[in-house]
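Quick note on labels: first sequence line is chain A, next is B, and so on, each numbered from 1.
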Amino acid sequence: MVLNDDHSTRLEVQIDCLALGEQVLLRELSFCLTGGQSLSLMGPSGSGKSSILAFIAGFLPPAFRVKGQVKLNGHDISRLPPERRRIALMFQDPLLFAHMSVGENLRFGMPRHLGGEQRRQCVADALVGAGLSGFEARDPATLSGGQKARVALLRALVSEPAALLLDEPFSKLDTDLRQAFRAFVVDACQQAGVPVVQVTHDQQDALALGGRCIELKDLQSKR
Amino acid sequence: MLLRIAPLGVLILMLLPIAGGLLGTLLPAFGYLPALGADTFSLEPWSRAMTWPGMGKALGLSLWTGVMATLASFLLAQFALAMLIGSRWLARLSALTAPVIAIPHAAMAVGLVFLIAPSGWIMRLVSPELSGFQRPPDWLIIGDPWGMSLILGLVIKELPYLLFMCLAALSQIPGERSLMVARSLGHSRLSAWFRVLLPQLYPHLRLPLMAVLAFSLSVVDMALILGPNTPPTLAVQILRWFSDPDLSLRLQASAGASLLSLVMLAVLLIWLAAERFIMLGARGFLSWGPARPSRLAEILERLSAAPTWCALALGLAALVPLLVWSLARRWRFPDAWPARWSLARWHGQAEALGNAWGNTLILASLATGLALVLVVLSLEKEARYGRRLSGQGTQLLKYLPLLVPQTSFLFGFQVLALAAGISDGQTGRWALVVWSHLLYVLPYGFISLSLAYQRFDPRLVQTAQSLGRGPWQIFWSVKLPLLSPAIWAAAAIGVAVSVTQYLPTVLLSGGRIETLATETVGRSAGGDRRVLAVFALCQAALPFAALLLAGVAPRLMFWNRKGVWS
């Protein structure tokens, strides 16, 4: 696991207005997180909470209009393409690449400047930390739902992101798995020491992650 | 009963002409063609074909143009999609593909000639002001020895088809979100596309790619109009031998056709081997981490969709000079527009035009109507009895006519029909030509309708069943109406496929049924450009009219039921 000991990353998000076509989804949202801090955005579906993550990561569909900016360590990154932002994104589906082994999935996002040996070691360490030691050569299709979710989170973390966004990461897991995976996520994120933003509609998810919580329905302006 | 017969009927209708046709090509290649009094097996046809002085060049040309057109279309489609997926331009791109797919090959080739030839429209637009030319330059653009114009024509036609198939395949994998994950991990669009999406997409693209390859290797109409002449591609030369008054050349033609089949087989095997090799070799490449952003990569990425846009634009632009030429009376070289306009060519060709229109329409309606009935019944059986016909094997069978080069079996099919005496009478000839069109309309019918059938919500059928309706009642009163937009679309595709058929029509009618395709190709060698433009324009207009009708008809039929067609 890559540790970010200096806790120096600082993610600032400010959204004056986010609209889909003519419909305004939210106004006046801003937050600032430093390494290790976390934030939960809560709201019902349609409140635009996933669009906020898409905006931060750089994937907002063209039908949306937004006024606002994303700053990383003081630099405005909202005009950069997603691949230059160093912001990792995890969806409710693990979206492991089916044609790659578990190890290849993890190495996929690791910076190229690390040497081969270092990359392998890093993957092995990450897997051990996740209780998946020796899984490098496994076919993702043979993993259980909980294992897939863990690999997906590891893949995001070993890419040395400056921030991590979680889009309802627990919603597709059944109840007992969800408990265990929540604990895993909290633990891993704390170790990694990056700012974490999650969106969810489940109070328990927000409580588990700790940190602040913003309820989005309050912000939503009706047409 | 009907349901059980339909899939079997499809199988027989497809396999019989292909298997019989391959045999009917192979036997004469070894000197056996009783109709000509040749009944001793020998290798002479092969040796005569192989010692034809142009063989090396013709074969090389076929290989080069076929493989290059396939590779170029494939790569251009990949680069364009990598750039456009997830952006608003993707919808525009896919809206552009449909009309270009619908333009018949011969009409497209003629339009391209009018556009890019030394005396073509592009040259006229820049002459004499920019180019300084008062008369067309003496450049060999059409029929160039490397077949570049032919490759261009093939790419313009095959690229939109591959784009369409890629988009269909993309809907089967979590494409957009996989791309998002890959980019959020630091990979550029191109890197993410080739590392993550293409490997997952490729299994769905293999058959369409092989179809493009088979088509490009054996294409005749485009090669006649755009390809070089001395020698032409092997497919064109085979047709020349075959239609030569000297009947003994038919044996040689069969040997040539068999040779082209072998070449297709060899290319296919090499392609599959190369696939494996690349998969193995690229294994490590897949999991390389993201590259550092570089200026060069950025520029490359910006430009990567440009060739595809140009190809599509060129395809549509090729229609314009067809219209202008068909209305021109006098159009001297450096002038951008005709000096005088007239409808004379339309009046002058009224009779031939009417005849060709009529024949084309009858063939298209018969082939499309038959194909739709067979396809719908086959899919209905599949849906009702739960037996999936979409396994690898049956998928291959449905696709088969597109995977075997036309030249490989159509000659033999005609030989067999002659031997059986079917092609003597008027009715027999028509039946044969409809059958040959059916071979190409059926696969496209399956491609376009099976998606609609898969997406049909089975709960609608269950609901109707629980309301006490029988399966056929449900078929007529629920399924057909709801599927009608897809069926109309499939019908338009069927018409487009039928209208473009040149080689099957010429061969199986013995040149005696004149369609817009045969007239366009027949008039492309020399002759009056204006007359050629009239026929090519009509050939292009028919599929467009069909597409338009298919878009409008469901809205008219269900004008107050928006849910059916939106």
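- Considering CG of B:Leu205 and CE of B:Met210, their distance stands at 10.5 Å, rounded to 0.5 Å.
- Proximity to chain B is absent for every atom of A:Pro61, based on heavy atoms less than 4.5 angstrom apart.
- No donor-acceptor contact under 3.5 angstrom links the side chains of A:Thr200 and A:Asp202, judged on distance only.
- Other residues, nucleotides and ligands contribute over 12 non-hydrogen atoms within 6.0 Å of the CZ atom of A:Phe55.
- Judged by distance alone, with hydrogens and angles left aside, the side-chain atoms of A:Arg86 form a donor-acceptor pair with the main-chain N or O of A:Glu160 at under 3.5 Å.
- A donor-acceptor pair is defined here as one N or O able to donate and one able to accept, closer than 3.5 Å; such a pair exists between the side chain of A:Gln37 and the backbone of A:Thr34.
- A:Arg119 places a side-chain N or O within donor-acceptor distance of the main-chain N or O of A:Arg107, the cut-off being under 3.5 Å.
- Taken from CE in B:Met83 to CG in B:Leu90, the straight-line distance is 12.0 Å, to the nearest 0.5 Å.
- For a residue to count as touching a neighbouring chain, one of its non-hydrogen atoms must lie under 4.5 Å from one of that chain's; by this rule A:Arg85 does not touch chain B.
- Listed by sequence position, the residues of residues 130-152 of chain A in contact with chain B number zero, using a 4.5 angstrom heavy-atom cutoff.
- To the nearest 0.5 Å, atom CH2 of residue B:Trp288 and atom OG of residue B:Ser191 are 10.0 Å apart.
- Between A:Leu157 and A:Ala188, the shortest heavy-atom contact is CD1-CB, 3.8 Å.
- Atoms CZ and CG, on B:Phe164 and B:Leu93 in that order, are 12.5 Å from each other to the nearest 0.5 Å.
- For chain B, the nearby part of A:Met110 is the backbone; its heavy atoms alone come within less than 4.5 Å.
- Nearest heavy atom pair, residue B:Ile156 against residue B:Gly315, reads CG2-CA, 3.5 Å.
- Within 6.0 Å of atom CH2 in B:Trp309, more than 12 heavy atoms from other residues, nucleotides or ligands are found, so the atom counts as buried in its surroundings.
- Within residues 179-189 of chain B, the residues approaching chain A closer than 4.5 Å by heavy atoms are, in numerical order, B:Met180, B:Val181, B:Ala182, B:Arg183, B:Ser184, B:Leu185, B:Gly186, B:His187, B:Ser188, B:Arg189.
- When all heavy atoms of B:Pro290 and A:Arg112 are compared, the pair lying nearest together is O-CB, 3.6 Å.
- Nearest heavy-atom pair across B:Thr463 and B:Arg459 is OG1-O, 2.5 Å.
- Distance alone, capped at 3.5 Å, is enough to place a donor-acceptor pair between the A:Lys49 side chain and the A:Gly43 backbone.
- Residue A:Ala98 touches chain B through both its backbone and its side chain, counting heavy-atom pairs closer than 4.5 Å.
- The parts of A:Leu89 that come within reach of chain B are both its backbone and its side chain, each placing non-hydrogen atoms under 4.5 angstrom from that chain.
- Contact tally against chain B (heavy-atom pairs below 4.5 Å) for A:Phe97, A:Phe108, A:Phe59, A:Phe91: the top residue is A:Phe108.
- A side-chain donor-acceptor contact under 3.5 Å links A:Arg155 to the backbone of A:Pro94.
- Residues B:Ser94 and B:Thr97 approach most closely at O-OG1, 2.7 Å, considering heavy atoms.
- Comparing B:Met279, B:Arg292, B:Arg283 by heavy-atom pairs within less than 4.5 Å of chain A, the highest count is held by B:Arg283.
- Between B:Leu84 atom CG and B:Arg92 atom CZ the span is 10.5 Å, to the nearest 0.5 Å.
- A:Gln198 contributes a side-chain N or O that, together with a main-chain N or O of A:Asp205, makes up a donor-acceptor pair within less than 3.5 Å.
- Against chain A, the residues from residues 165-177 of chain B that qualify, each with a non-hydrogen atom under 4.5 angstrom away, are B:Pro174, B:Arg177 in number order.
- Taken from CD1 in B:Ile101 to CG in B:Leu96, the straight-line distance is 11.0 Å, to the nearest 0.5 Å.
- Identified by a heavy-atom distance below 4.5 Å to chain B, contributing residues of residues 166-174 of chain A are lacking entirely.
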